[in-house]
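Letters A, B, ... mirror the listed sequences (proteins, then strands); counts begin at 1.
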Number of protein chains: 2
Amino acid sequence: MADLSSPTLRRAPPRGDDRLFLTERKLRQGAELMFFAYRYFTEDADKLLTGRDYGRAHHRALHFIGRQPGISVAGLLEILAITKQSLARVLKPLIEDGLVRSETGADDRRKRLLYLTEEGAAFEAQLSMAQRERLISAFREAGPEAVEGFRRVMALMIDSERRDDILDFVYSNADVAHVETKE
Amino acid sequence: MADLSSPTLRRAPPRGDDRLFLTERKLRQGAELMFFAYRYFTEDADKLLTGRDYGRAHHRALHFIGRQPGISVAGLLEILAITKQSLARVLKPLIEDGLVRSETGADDRRKRLLYLTEEGAAFEAQLSMAQRERLISAFREAGPEAVEGFRRVMALMIDSERRDDILDFVYSNADVAHVETKE
DNA sequence: TTTTTATGTCAACACTCCTGACGTAAATTG
DNA sequence: CAATTTACGTCAGGAGTGTTGACATAAAAA
């Protein structure tokens, strides 16, 4: 591996200022790995989007609506962290095209509760599948311990103030239609 | 469901269908962690960019020029994986503003070799610093084994055809000006 | 009844990426 | 040396995603 060609890594680290040097390198490498990995991670689904009138933002909306059916517009806005005008441009065509259904809330009739239609769920599944195939092979080749490390590091990249909320969301059970009920 | 179409996942694991369920969950969680982590990862540097006339693409150009001083335009295009028209819109102002210097190649006078000026290097360092602080705390809290796992998984997200090239690049020693030579 | 909340929408703008087309200078090739 | 290829620059137009500001409506809450 390229690591061994590195004089720094080959040189026995005496625990002195060498630590700083190693850290500097690892940080830069970490940042670059984030860049390259994310680019390939999104690439597969993006390819399926081109040609249709949709983009990555539509995929994200579909994903989080499928993840939490009945989510309100405000809820979706908080997860996506965009403005309502940005969301509207994405959501409107999805509703008009019959991929997302918008229902008036039963308890609070101001709210619009969002659901995937069958067509929407199918499209979302197709997009996710492309993305997940990359994760599947990466996770399998890396091994369970590496995956656990990946999860730890990624979780710690989230702002500490928001981290618990977001991790609660990520690790919560999905009500999602496409999660097979084990029996 | 689409997962079931995957031979690997369909193949009965020792632990029964419970494994399948866990894997399905882990993949979705992994994808969501990628989304949230990357958003926060880029957020810090993005904040420093707003107000100036630059964006994330300018940061990337500055980073990779600083990473490999004297890189050609074609070399930069290959790393960034964008079109030359996209790069031009980013590179032109950086050169005009005196952050990047463009030199005619000595051996091949068609080539334009790119370097950061002092001002460019200072700006790039400022942007990277913001980004790396998040990595520093994440890496420190996660611990060295988790970081190793993170690196493995991220590396495996890269297309297998390009992986070796990119990893050679990422793990290669930087000629970078701001990397202190320990002695 | 007044205020606040949840949502929708119009308009304008910034950034990043794309495709297609054309031009120029320098290296390479026949 | 002439023709071709390579490296780079640039003009034009379009798509997608994000922003701010302003205004409107229906329904809940005070």
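Counting any heavy atom pair closer than 4.0 Å across all strands shown, A:R56 reaches sugar-phosphate atoms only and no base atom. Using a 4.0 Å heavy-atom distance criterion, A:H59 is classed as making no nucleic acid contact. At the heavy-atom level, A:S72 lies under 4.0 Å from the strands shown only through sugar-phosphate atoms. Note on A:K111: only backbone sugar-phosphate atoms sit closer than 4.0 angstrom, heavy atoms only; bases stay farther off.
A salt bridge does not link B:E43 with B:R39: every distance from a Lys NZ or Arg NE/NH1/NH2 to an Asp or Glu carboxylate oxygen is 4.0 Å or more. Using a cut-off of 4.0 Å between Lys/Arg side-chain N and Asp/Glu carboxylate O, A:E145 and B:R152 are scored as not salt-bridged.
Between A:S86 and B:R112, the residue anchored closer to the 5' end of DNA chain D is B:R112, taking for each the nucleotide with the nearest heavy atom.
The base of C:dG20 is paired with the side chain of B:Q85 by a donor and an acceptor separated by under 3.5 Å. The base of D:dG9 does not come close enough to the side chain of B:K92 for any donor and acceptor atom to sit less than 3.5 Å apart.
Figure legend: cation-pi geometry between B:R67 and B:F169, with NZ or CZ positioned under 6.0 Å from the six-membered ring centre and within 45° of its axis.
Side-chain contact between A:L156 and B:R140 is absent, with no heavy atoms from C-beta onward closer than 4.5 Å.
The side chain of A:I82 has D:dT19 as its nearest neighbour among C:dG8, D:dT17, D:dT19.
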Nucleotides 25-29 of chain C: which of its N/O atoms have a protein N/O under 3.5 Å away?
| from | atom 1 | to | atom 2 | distance (Å) |
| --- | --- | --- | --- | --- |
| C:dA26 | OP1 | B:R109 | NH2 | 3.2 |
| C:dA27 | OP1 | B:R109 | N | 3.1 |
| C:dA27 | O4' | B:R110 | NE | 3.4 |

